[in-house]
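As structure tokens, the structure follows; a few thoughts come after it.
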Amino acid sequence: MAIYLDHAATSPMRPESITVFAEVAPMVGNPASLHRPGQRARGVLEEAREELAAALGAHPTEVIFTSGGSEADSIAVLGGWATRREAGRPRCLVSAVEHPAVLGAVVTGAEILPVTHDGAVDLNAAAELITGDVALVSVMAVNNETGVVQPVEEVRRLAHGAGAWLHSDAVQAFGHLPVDFAASALDMMSVSAHKLGGPVGIGALVARREVVPSAIGLGGGQEREVRSGTVPVALAAAFARAASLAVEDLAQEAQRMRGLSGRIAAAAVAAGGRLNSREDGAPHIVNVTFDGVRADDLLFLLDQRGVHASVGSACKAGVHQPSEVLLAMGRTPDEAVQSLRFSVGWPTTDAEIDEACAALGEVLAQAPRLDG
């Protein structure tokens, strides 16, 4: 039996989301066209926008459909920075543990907000760095590798106090923790469908109506003149349905996931692992370091037994690189390549966790050790 524990990377589509996609996909008509088929498509698209907005605690006009979380992040950071730069604010700050779609802005001049040993943004450093010349600050809601919940509200106060916009990548938070865009007072927020049981290829940037990031691509400006391209109506409808289901019984489902991930964490610690996650973190992610054992070896042995986890860091040309997130948290390069991420999702069962915990103990006994 395959035991899939990499839901933070992508989660299977929910049956209800698949049903909606199958119903809408045959529809003919570009939602930007003026004829009847186009207007029917536009109607379905706007219904999806309203449904997604309700799940996010946002107004429908604040929802900008994108191809996924990475594009939403790029528009928010690069586009938001460009808009504010024109107003005389040249600086952009991003946390050291962001997704590459945000952290990549460093190569264009963005500065890094450091994090503490436990992976949370260092608020003392943030208070010094966020000054009146900062255009935009980007701090994710939940780290995708460790599950650490970031102090977004505290950073928001600092950013707004300095007149800067605040963007938050909420891809790992939405559907796992309460997300309310209006209550958060954020300027922009990114979400993605395939992390919560929707389809791959659709996400959204949620931006307050008075916040207008510059477009970073050319085209017809279909989504508020910010994002161009024909919006895939079937994907949007399937995303909205998955989002509605994900937030429907959020507290109960989060408690269930926390119980499942807690069992993995306990088994890992009992086998000699050290947690990089926190008890008050996201309910679905566990990151653990196994000293003296390469994560690649554990991943391979687990995969042979049908347990599919993740190294939780970038792979380039098939070579596992040390996790930039763990390095930013002060871990050594050796520790950063000896860490695994397990992430549960909406279909994960107790029986699967039973088998995964048993398999983990077995592979740890078999894995070659670096120190012996």
Side-chain angles (χ1 to χ4, degrees), residues 31 45-46 48-87 89 92-95 98-99 101-102 104-105 110 134-142 150 152-153 155-157 159-160 162-175 178-193 195 198 202-229 231-232 235-236 239-240 243 247:
L45 177 62
E46 295 311 317
R49 197 186 309 275
E50 291 174 4
E51 184 177 358
L52 179 59
L56 287 163
H59 191 276
T61 59
E62 296 174 321
V63 174
I64 300 166
F65 284 113
T66 67
S67 63
S70 290
E71 186 186 21
D73 283 344
S74 296
I75 294 171
V77 175
L78 298 180
W81 186 7
T83 295
R84 304 305 304 288
R85 189 188 291 119
E86 293 176 359
R89 289 175 170 266
C92 175
L93 299 171
V94 301
S95 93
E98 295 297 310
H99 186 276
V102 171
V134 172
L136 178 136
V137 180
S138 185
V139 172
M140 64 193 345
V142 170
Q150 296 296 331
V152 174
E153 172 57 21
V155 177
R156 184 197 66 78
R157 293 196 191 102
H160 285 179
W165 285 351
L166 179 65
H167 162 256
S168 186
D169 177 337
V171 166
Q172 294 295 343
F174 188 36
V179 170
D180 187 323
F181 183 68
S184 73
L186 289 169
D187 298 290
M188 292 180 284
M189 179 173 71
S190 303
V191 292
S192 182
K195 308 295 188 179
I202 188 80
L205 173 64
V206 191
R208 289 195 291 116
R209 281 165 280 186
E210 62 272 28
V211 171
V212 184
S214 299
I216 61 172
L218 303 176
Q222 284 87 343
E223 291 290 288
R224 261 179 62 180
E225 301 294 330
V226 171
R227 195 267 182 180
S228 296
V231 181
L235 292 180
F239 180 13
V247 303

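No experiment lies behind these values; they were computed from the predicted model shown. The first residue in the sequence is number 1, and the count goes up from there.
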**Message:** Are the side chains of Val212 and Thr83 in contact, using a 4.5 Å heavy-atom criterion?
**Reply:** no

Test item: Trp165 and Val137 side chains (from C-beta on) under 4.5 Å apart, heavy atoms:
no

Could you pull out the closest heavy-atom pair between [X] and [Y], with the gap in Å?
{"X": "Ser168", "Y": "Val152", "value": "OG-CG2, 4.0 Å"}
{"X": "His99", "Y": "Asp169", "value": "CB-OD2, 3.8 Å"}
{"X": "Trp81", "Y": "Leu136", "value": "N-CD1, 4.3 Å"}
{"X": "Val171", "Y": "Gly69", "value": "CG2-CA, 4.1 Å"}
{"X": "Ala185", "Y": "His160", "value": "O-CE1, 3.1 Å"}
{"X": "Val139", "Y": "Leu166", "value": "N-CD1, 4.4 Å"}

Check: [X] side chain, [Y] main-chain N or O, donor-acceptor pair, under 3.5 Å:
{"X": "Arg84", "Y": "Ala135", "value": "yes"}
{"X": "Arg224", "Y": "Ala207", "value": "yes"}
{"X": "Thr66", "Y": "Leu205", "value": "no"}
{"X": "Arg208", "Y": "Leu186", "value": "yes"}

Nearest-0.5 Å distance, [atom1] of residue [X] to [atom2] of residue [Y]:
{"X": "Ser228", "Y": "Leu218", "atom1": "OG", "atom2": "CG", "result": "7.5 Å"}
{"X": "Gln150", "Y": "Glu98", "atom1": "CD", "atom2": "CD", "result": "7.0 Å"}
{"X": "Ser70", "Y": "Ile75", "atom1": "OG", "atom2": "CD1", "result": "11.0 Å"}
{"X": "Leu45", "Y": "Gln222", "atom1": "CG", "atom2": "CD", "result": "10.5 Å"}
{"X": "Lys195", "Y": "Gln172", "atom1": "NZ", "atom2": "CD", "result": "5.5 Å"}
{"X": "Leu78", "Y": "Cys92", "atom1": "CG", "atom2": "SG", "result": "8.0 Å"}

Salt bridge (Lys or Arg N to Asp or Glu O under 4.0 Å) filter on Glu225, not counting sequence neighbours, yields none

Residue set satisfying side chain to side chain contact (heavy atoms under 4.5 Å, CB included) with Ala204, at least two apart, ordered chain then number -> Leu52, Val63, Val191, Phe239

Any salt bridge between Glu62 and Arg49, counting N to O under 4.0 Å? no

> Do His167 and Met189 pass the side chain to side chain contact (heavy atoms under 4.5 Å, CB included) test, and can you show the C-alpha distance, the side-chain angles, and the key distance before you say yes or no?
Replying inline: CA-CA 6 Å; His167 162 256; Met189 179 173 71; 5.5 Å; no

Can you tell me if Ser74 and Glu71 form a side-chain donor-acceptor pair at under 3.5 Å?
no

- Query: Without hydrogens or angle criteria, can the side chains of Asp73 and Ser190 be said to hold a donor-acceptor pair below 3.5 Å?
  - Reply: yes

Exercise for review: Apply side chain to side chain contact (heavy atoms under 4.5 Å, CB included) to Arg227 and Phe65, showing your working.
Suggested key: CA-CA 8 Å; Arg227 195 267 182 180; Phe65 284 113; over 6 Å; no

